[in-house]
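Here is the structure we will look at.
Each chain gets a letter, A, B and so on, in the order its sequence line appears, and its residues count up from 1.
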Amino acid sequence: MKYKIKSLINSALTQAYNNGDLNSPEIPEVIIEEPKLGAQGDYSTNIAMILASIQKMPPQKIAKAIVNNINNSDSFFDKIEIAGPGFINFFINKAAWYPVLKQIHQMDLEYGASNIGKGKKIQVEFVSANPTGPLHVGHGRGAAVGDSIANILNFCGFNVEKEYYINDSGRQISTLGRSVFFRYKELFGEDIVFPEDCYQGKYIIDLAENIKLINGDNFLNLEEETAVKNCAIFAADKILSEIKEDLDSFGVQFDNWFSEQSIFDSGKVAKAIENFQNKKIIYNKEGALWFKTSKFGDEKDRVVVRKNGLTTYFASDIAYHQDKFNRGFERIIDIWGADHHGYIPRIAASIEASGESRNRFDVILIQLVNLLRDGLPVAMSTRAGEFVTLKEVIKEVGRDAARFIFLTRNSDSPLDFDLELAKKKTNDNPVYYVQYVHARISSIIRKGKENGIADINWNAEAINMLTEPEEIDLLKSMNRFPEIVKQSAIRLEPHRMTFYLMNLASSFHTYYNKHRVLNDDPLLSCGRLYLVLAVKKVIRNGLRLLGVSAPEAM
RNA sequence: GCGCCUGUAGCUCAGAUGGAUAGAGCAACGGACUUCUAAUCCGUAGGUCGCAGGUUCGAGUCCUGCCAGGCGUACCA
């Protein structure tokens, strides 16, 4: 629709110049917007104001020239007005909205899809929580955002791969092993002081008990180093499989689980370091190896190999990101907790140093989730290892509510997640507000069938009866859906879809309360059924992109 | 100190590329179920867009400075 108006304006401009109504043939990008006020038309453009300086003419006069030259032979426009300082407002003929209905029904599950991705390989890496403890709410937000972005990109024609990076090497894993081993020894009555730098959570004790159950006291007879290592392997495996279960029950499936250890084993970390050394962008200072990230926009250089010979987390990240590009991804998207934002410049530096363009790399930062209950903060202490896990949240409020609520905010603003509110089945809870539309329409359709309207098909005569303002409003809203999908994809902002759905839901509820779909007039009923079935499909498609179900009944 | 994010109605938040009179929801108040699902709808009220300058026909949006909150600023991850 916008595109059509745009091209009509462009030809009007050319024609106006040819007629001598305009001074210059230069045409800037025409921007079509949807005014907030109905009185300002369905669409409007500010092109006359933009052209004022180029044409050296007053905007009003330019606007007039455009309007006079616009082709409206097919009565696409009801009227075109010039308003304010030079806005041109377009009022679309009602009938022009009807084709969108047909399109929705025909495309069905594909309505809103596009090919802006052109099959490009793109990777979304998210959650990537260390296998040293269970997933908490914050990870849930990252999972919801990442999965939804992947869905949306996929819908837009990208070839998307979802990846989880497992930090299964290095210090945090050996700390995990130590933590479990200490608890294990405690189980055999050994009196020990549990170190502060170890993981404090109760789940560590559970893991120790698990080991005891399987291995008895065998680990006590091993060298401490071996025992710790065995504990680490056991615990990390166990935790990882629980993480997988949690994500699965959250409806998130990854295409690839990438092990940090594997890039050490394949020698890619060593190779990356060597490569940078050859390029003279890694140097030795005070016994440690430093990467000159400052040459690539970071504020200072960073250590990749410590004095003690161990690599830093950054070293494996360099190799990991190189590996991503080597796997043929044209774009990579990392989703991180916002507390890691300081890490962006150095990863970007490493990408540039590896010869890739840094604008093929995006980071989405996810701000904190404040867990509340009835408006009051839920006490959590990471230090004491007490936090509400994702599993508990899903169990309490349900997967749909959790996913939807995580997507009700732009990811870079903090999110209040109220457990009580998430369970409420009222207007306060946006999930049910949207799902209810789907259920209501399903119910109407069932009723329609009972009344003998079995086939809901395009019927020009019936469709032409859709003239109520609320009906046109629904058509306009549904017409916007494909553009919302694209915007969400381009800006990597799934919350746009969430807001759109709440908006469409609101338009539907308004319509529902004012007009009866099934009424005395069979023809009108038929047209309205065709309309609401389209709404149902759009809601379903939108919810699917968010990973939320669309129930037939509630 | 420096860097990033945030600051919009009492509360929680939308407002891409600068556009017309800044929008929702909640809470408050008043209404609507003999009707296709009231998990809904309608109405009323609510604002110095943190503050101060600047850019221009026009700024919540762009620039500069300040204020407040969060996070970061390791040879931790």
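Below 30°, between 30° and 60°, or above 60°: for A:F499 and A:H495 the angle between ring planes is above 60°, a perpendicular geometry. Ring-plane geometry between A:F361 and A:H321 is classed as perpendicular, the angle between the planes exceeding 60 degrees on a 0 to 90 degree scale with a lower cut at 30.
The residue A:M502 sits apart from the nucleic acid: no heavy atom pair falls under 4.0 Å. The residue A:N46 sits close to a base: some heavy atom pair falls under 4.0 Å. Residue A:N410 is in sugar-phosphate contact alone, with no base atom involved, counting any heavy-atom pair closer than 4.0 Å across all strands shown. Residue contacts shown for A:Q435 are absent, as no nucleic acid heavy atom lies under 4.0 Å away. The residue A:R302 sits apart from the nucleic acid: no heavy atom pair falls under 4.0 Å.
The partner of B:A28 is B:U44, by the rule that a Watson-Crick or G-U pair needs both atom distances under 3.5 Å. B:A20 is unpaired under the Watson-Crick or G-U wobble criterion, no partner having all donor-acceptor distances under 3.5 Å. Pair assignment for B:U35: none, as no Watson-Crick or G-U wobble contacts are both less than 3.5 Å. Pairing partner, B:G65: B:C51, with both Watson-Crick or wobble hydrogen-bond distances short of 3.5 Å. B:C71 and B:G3 make up a base pair, with Watson-Crick or G-U wobble contacts both under 3.5 Å.
Side chains of A:L415 and A:R141 form a contact here, defined as non-hydrogen atoms less than 4.5 Å apart.
The P atoms of B:G60 and B:A45 are separated by 24 Å, rounded to the nearest whole Å. Remark: the separation of the P atoms in B:C42 and B:C33 is 16 Å, to the nearest Å. On the P atoms, B:U35 is 48 Å away from B:G50, given to the nearest whole Å. Across the P atoms, B:C41 and B:G1 are found 49 Å apart, a figure rounded to whole Å. Taking atom C1' in both B:C13 and B:U56, the straight-line distance is 31 Å, to the nearest Å. Across the P atoms, B:G46 and B:A9 are found 15 Å apart, a figure rounded to whole Å. As rounded to the nearest Å, B:U61 and B:C5 have P atoms that lie 16 Å from one another. For the P atoms, the distance from B:G3 to B:U55 is 25 Å, rounded to whole Å.
Without hydrogens or angle criteria, A:E81 side chain to A:K79 main chain gives no donor-acceptor distance under 3.5 Å. Between the side chain of A:H139 and the backbone N or O of A:H136, at least one donor-acceptor pair lies under 3.5 Å.
More than 12 heavy atoms of other residues, nucleotides or ligands lie within 6.0 Å of CZ in A:R446, so this atom counts as buried by the packing criterion. The 12-atom threshold is exceeded at NZ of A:K292, counting heavy atoms of other residues, nucleotides or ligands nearer than 6.0 Å.
Comparing A:P414 and A:N167 along RNA chain B, the residue whose closest nucleotide (by nearest heavy atom) sits nearer the 5' end is A:P414. The 5' end of RNA chain B is approached more closely, in terms of each residue's nearest nucleotide, by A:N89 than by the other of A:Q172 and A:N89.
Between A:K476 and A:D42 there is a salt bridge, with a side-chain nitrogen of the basic residue lying less than 4.0 Å from a carboxylate oxygen of the acidic one. We find that A:K536 and A:E552 are joined by a salt bridge, their nearest charged nitrogen and carboxylate oxygen being less than 4.0 Å apart. The pair A:D334-A:K324 counts as a salt bridge, with a side-chain nitrogen and a carboxylate oxygen less than 4.0 angstrom apart.
For A:L504 and B:U40, the CG to C1' distance is 15 Å, given to the nearest whole Å. Spacing between atom CD of A:Q367 and atom P of B:C13 amounts to 11 Å, rounded to whole angstrom units. Straight-line distance from the CG atom of A:L368 to the P atom of B:C71: 7 Å, rounded to whole Å. Atom CD of A:E420 is separated from atom P of B:A27 by 16 Å (rounded to the nearest Å). Following rounding to the nearest Å, A:R491 (CZ) and B:A14 (P) show an atom-to-atom distance of 13 Å. For the pair A:Y500 OH and B:A16 P, the computed distance is 17 Å after rounding to whole Å. A:R171 places its CZ atom 7 Å from the P atom of B:A77, with the value rounded to the nearest Å. In this structure, the CG atom of A:D416 is 15 Å from the C1' atom of B:G25, given to the nearest Å.
Phosphate contact (OP1/OP2 of B:C41, side-chain N/O of A:Y433, threshold under 4.0 Å): present. The phosphate of B:A77 has neither OP1 nor OP2 within less than 4.0 Å of any side-chain N or O from A:Y313. Side-chain N/O atoms of A:T510 include one lying less than 4.0 angstrom from OP1 or OP2 on B:C42. Contact between the side-chain N/O atoms of A:R440 and the OP1/OP2 oxygens of B:A38 is found at a separation under 4.0 Å. Using a 4.0 Å cut-off, some side-chain N or O of A:S413 falls inside it from OP1 or OP2 of B:A14.
Ring centers of A:F258 and A:Y164: at least 6.0 Å apart, outside the cut-off.
Out of B:C5, B:A77, B:U12, the shortest distance to the side chain of A:D412 is found at B:C5. Side-chain atoms of A:Y436 lie closest to B:U37 of the nucleotides B:G19, B:U37, B:A16. Here the side chain of A:E299 is nearest to one of B:C2, B:G15, B:U6, namely B:C2. For A:N130, whose side chain is taken as the heavy atoms from C-beta onward, the closest listed nucleotide among B:A77, B:U37, B:C75 is B:A77.
Both thresholds, 5.5 Å between centres and 30° between ring planes, are met by A:F87 relative to the base of B:A20, so the two rings are stacked. We find that the ring of A:H495 and the base of B:A14 do not stack by the test of centres under 5.5 angstrom and planes tilted less than 30°.
Sorted by residue number, the members of residues 511-519 of chain A with any non-hydrogen atom under 4.0 Å from RNA chain B read A:Y512, A:N513, A:H515, A:R516, A:V517, A:L518.
Side-chain atoms of A:D317 stay outside donor-acceptor range of the base of B:A77, with no qualifying N/O pair under 3.5 Å. Side chain A:S44 to base B:A20: a donor-acceptor pair is found below 3.5 Å. Counting atom types as modelled, A:H341 pairs a side-chain N or O with a base atom of B:G3 as donor and acceptor under 3.5 Å.
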